[in-house]
Structure formats: structure tokens, C-alpha cells
K.L.:
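What follows is a structure written as C-alpha cells; I'll ask about it next.
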2 protein chains.
Amino acid sequence: MEAAEELFARRGFAGVGMSEIAEAVGLSKSTLFHHFRTKADLYAAVVGRILAEIDLELTRTLARGGGAAERLDRWVDVLIDLLASTPAHARVLLRSLFEDDELSGELPEQQEADKALYRILDQARSLLKEGMASGEVRAASIPHLLQSLIGMVVYHFASGEVGDGIVGRSIFGADEVERRKREVKAFLHHGIIIDPEKN
Amino acid sequence: MEAAEELFARRGFAGVGMSEIAEAVGLSKSTLFHHFRTKADLYAAVVGRILAEIDLELTRTLARGGGAAERLDRWVDVLIDLLASTPAHARVLLRSLFEDDELSGELPEQQEADKALYRILDQARSLLKEGMASGEVRAASIPHLLQSLIGMVVYHFASGEVGDGIVGRSIFGADEVERRKREVKAFLHHGIIIDPEKN
DNA sequence: GTCTATAAACAGATAGAC
DNA sequence: GTCTATCTGTTTATAGAC
């Protein structure tokens with residue numbers, strides 16, 4: 001599944017053949033079909049595993065308590081650490097967010113992946129809502145804030161060579177990952193633009 | 001090319017066959033191969049056309065002048081209008097940003113697409129740099145700001161069904177597009193989190 | 001669980017007529 | 001420019017031996 005993960009991350013569902021995955025893992029194609037009845041099954045299993053891990057880690061860090069702003073910062077830190085630790089994860093996650101119809105959605109493993117994604121999103125939604133209620137988070141559209149957070153974190157670590165080119169070196173280097181955390185959190189706290197009347 | 005655009009947007013380079021595109025446009029597969037020597041040629045042409053249009057429109061709006069903060073707001077408005085006007089565009093753009101190796105990079109049409117992307121990024125970089133020099137933009141890592149802007153705008157309009165689910169209705173509806181502009185610009189101006197000592 | 005062999009459909013691409 | 005017919009390789013998936 002790790003081998004499949006990396007290949008699917010790079011070229012997507014249609015771009016990878018079962019024989020290629022089998023070769024990468026050192027088994028025959030038939031053996032792969034013995035473990036996963038169809039290619040869609042394997043893909044759903046790969047996606048589901050990643051989403052489940054993200055859900056688990058985010059749930060864990062939010063359970064540690066603290067104010068909404070503090071937990072939001074931790075949410076960013078943990079998600080970034082998670083996506084940075086395995087380069088394939090962000091790409092698979094991004095694909096699952098914008099490639100709707102690759103899978104029919106009827107497979108049980110796909111339904112489990114959908115549930116994990118729903119939990120991740122719902123938890124973040126609740127966090128933002130709580131922050132607004134307490135006055136720690138600026139009043140704004142929660143769905144749009146959510147989309148912005150996803151875009152800032154997930155896209156960045158999915159951006160591969162283009163991202164490396166923009167940043168000037170590997171986005172997965174330890175220093176650069178720490179910098180991403182700081183930059184994203186600074187964006188959340190201060191925005192980009194300095195309004196003249198504020199100072 | 002419009003037909004190919006929509007199909008590639010949805011399922012990527014490998015997920016679409018030349019016969020499918022031919023059928024969608026009402027021609028035979030051979031005729032398609034007469035106009036585009038290879039599938040990669042067609043894909044590069046589709047991507048290049050989108051990037052060229054984006055480059056053109058962004059260049060045009062930045063040429064209208066104004067302060068850096070003002071032009072940054074306009075940059076966001078124009079890019080959002082552009083991506084919202086044709087749902088396939090954001091997905092193709094996102095794919096060109098995170099799917100590195102789909103194309104070898106040796107084709108002339110691919111090189112032109114790369115150049116357009118480079119111009120788009122370089123122009124945005126200059127704008128941010130200028131804004132920091134004038135004090136209108138908060139001092140921060142320009143590459144990371146760029147990545148954040150791309151993530152906030154491009155991902156949002158590429159997010160399809162998941163995005164619709166998060167927002168609660170079509171992200172391409174006129175009202176929802178206007179709201180996206182407001183929300184992104186508010187994010188740039190104020191961030192998300194309200195720092196207590198500021199008020 | 002793993003393999004070889006094979007089926008049946010489909011892919012990208014070409015030849016050549018009109 | 002468009003077509004039919006075809007080539008060649010690859011695809012997902014299955015059958016059945018070990």
C-alpha cells in the first residue's frame with residue numbers, strides 16, 4: 001500500500017497500472033488482485049488510510065485542550081507536520097478533495113474514506129465556530145475560512161516541483177517545514193496587508 | 001480544445017482517452033490526431049491556453065496602476081473572476097501546479113505553458129516585493145505568501161463537489177463567487193485570529 | 001498466498017482512401 | 001480535413017496450478 005500510495009500520489013488513479021504497483025512491491029499482478037479485488041478497492045484503501053491517520057492526529061491534538069486560537073494554531077502545526085512527514089500524503093489528500101468522480105462512491109472502503117474526510121472537516125468547522133463565539137476568531141464565513149486553510153496547507157505540500165521552484169529549495173526540508181508553520185500562523189494572526197489606519 | 005479541457009480537468013491526463021475527446025467533439029479519433037500529433041501535444045496546448053489567458057488578464061489589471069495593496073486586491077478579484085467563469089480552468093491550473101511529471105517538458109507547447117506560469121508567478125512575486133518595500137504588505141516570506149495565495153484561490157475553485165459540500169451550495173454561483181472575493185481579501189487584510197493586545 | 005497463462009477490452013498512433 | 005481500418009502494446013481482471 002505504501003508503494004501504491006506513492007504512485008497514485010504522483011500520477012493519480014488512472015495514471016498508474018496494477019502491474020506497475022505489483023512490480024514496485026515485488027509481487028505479481030495476480031497476487032495484487034488477490035489482496036484487492038479491484039484497482040478502485042486499492043485506491044480507496046490508500047486514500048482511506050491517509051484520511052484516517054489525519055483524522056486521528058487532529059482529533060488527538062484538539063483533545064489536548066486550550067483556547068480556540070491556541071487549538072487552531074496546533075491544528076495547523078499538526079497537519080503540516082503530518083503532510084510534511086510523507087510527501088505522498090498531501091497529494092493524495094488534494095486529489096481526494098478535487099477529483100470528485102474517480103470512484104463511484106459505492107465501495108465500503110470509499111464510504112469509510114468519505115466519513116473520515118467528513119469528520120476532519122466537521123471538527124475544523126466546530127473549532128472555527130467556537131473561536132468566533134469566544135471572540136478569538138474574526139467573524140467570517142466558516143466554509144470559506146475552511147477552504148482557505150485547506151488551500152494554504154494542503155496545496156503547499158502537494159505542490160511538488162513547482163513548489164520547490166517557488167520556494168527555492170525543497171519544501172520538505174526540516175527548516176522549510178518549520179518556516180511554513182510560522183508563515184501560515186502569521187498569516188492567520190496578521191493577514192498580509194497592513195491597513196494604514198491600524199497603526 | 002474546450003471539450004478536451006473539461007475532460008482533462010475532471011480526470012487528468014491519463015484519465016482521458018483520445019477517442020473519448022473525439023467523441024465529445026463529434027470527430028473521429030484519427031482527425032484528432034491530425035490536429036494534435038500526440039495526446040501530450042493536445043494536453044500541453046490546453047494547459048498553455050489557460051495559463052496564457054490568466055497571464056494576460058493579470059498583466060492587464062496590474063498595468064492599470066495603483067498602490068501595491070490596491071493592485072493585490074485587484075489581482076485576487078481578477079484571478080477569482082477568471083477561475084469562476086470556467087470551472088475547468090482552476091482544475092487544469094491546479095493539476096499543472098502539482099502534477100510535475102505528466103509531461104516530459106521537451107515539447108514546444110509545454111515550454112510555452114511553463115513560460116506563462118513563470119510570468120504569472122514572477123509578476124505576483126514582484127507585486128508582493130513592491131508592497132513590502134512600500135510598507136503596504138507585512139514583511140514575510142514572499143514564496144510562502146505566494147503559495148498561500150495560490151492555495152486560497154486556485155484550490156477553492158478546483159474543489160468541485162467537496163467544495164460545494166463545504167460551502168453548502170455551488171461555489172460557482174454568482175453570489176458565492178463575490179463572497180469568495182470578499183472573504184479572501186478580508187483574510188489578506190485582517191487574518192483570521194484576533195490578537196487581544198491589538199484591541 | 002503466490003505464481004503462469006490468458007482473456008477481452010481499450011490505449012495511442014498510423015496508413016491510406018476520399 | 002475527415003474518414004475506416006488496422007497495428008501494437010497495455011489495461012483490468014480471471015482461471016487454475018502449486
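Given the structure is predicted, the values throughout are model-derived calculations rather than measurements. Residue numbers begin at 1 in each chain, while the letters A, B, ... track the order of the sequences.
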K.L.:
Specify the separation, in whole Å, of atom CE of B:M18 and atom C1' of C:dA13.
P.N.:
9 Å
K.L.:
Please list, in numerical order, the residues of residues 22-35 of chain A that have a heavy atom closer than 4.0 Å to any atom of DNA chain D.
P.N.:
A:K29, A:S30, A:F33
K.L.:
Would you mind reading off the distance between B:L42 atom CG and C:dA13 atom P, rounded to a whole angstrom?
P.N.:
11 Å
K.L.:
Expressed as a whole number of angstroms, how long is the span from A:Y43:OH to D:dA13:C1'?
P.N.:
20 Å
K.L.:
Can you name the residues that form a side-chain contact (heavy atoms from CB on, under 4.5 Å) with B:E109, not counting sequence neighbours?
P.N.:
B:D41, B:A44, B:A45
K.L.:
What pairs of nitrogen or oxygen atoms, one from the protein and one from nucleotides 8-10 of chain C, lie under 3.5 Å apart?
P.N.:
none

K.L.:
Specify whether B:F187 and A:F187 have parallel, tilted or perpendicular ring planes, treating 30° as the upper limit for parallel and 60° as the lower limit for perpendicular.
P.N.:
perpendicular
K.L.:
Will you find, in the side chains of B:S148 and A:E183, an N or O donor that is under 3.5 Å from an N or O acceptor?
P.N.:
no
K.L.:
Around atom CD of B:E112, are there more than 12 heavy atoms from other residues, nucleotides or ligands closer than 6.0 Å?
P.N.:
no
K.L.:
A:E20 has an atom CD; how far is it from atom C1' of D:dG9, in whole Å?
P.N.:
15 Å
K.L.:
Looking at CE of A:M1 and CD1 of A:I50, how far apart are the two atoms once the value is rounded to the nearest 0.5 Å?
P.N.:
8.0 Å
K.L.:
In this structure, how many angstroms lie between the P atom of C:dA11 and the CZ atom of B:F13, rounded?
P.N.:
13 Å
K.L.:
Between A:E176 and A:S170, do the side chains contain an N or O donor and an N or O acceptor separated by less than 3.5 Å?
P.N.:
no
K.L.:
Do A:Y155 and B:Y155 pass the ring pair (Phe, Tyr, Trp, His ring centres under 6.0 Å) test, and can you show the C-alpha distance, the side-chain angles, and the key distance before you say yes or no?
P.N.:
CA-CA 7 Å; A:Y155 159 71; B:Y155 159 71; 9.0 Å; no
K.L.:
Quick check for you: to the nearest 0.5 Å, what is the distance between A:R138 atom CZ and A:L128 atom CG?
P.N.:
11.0 Å
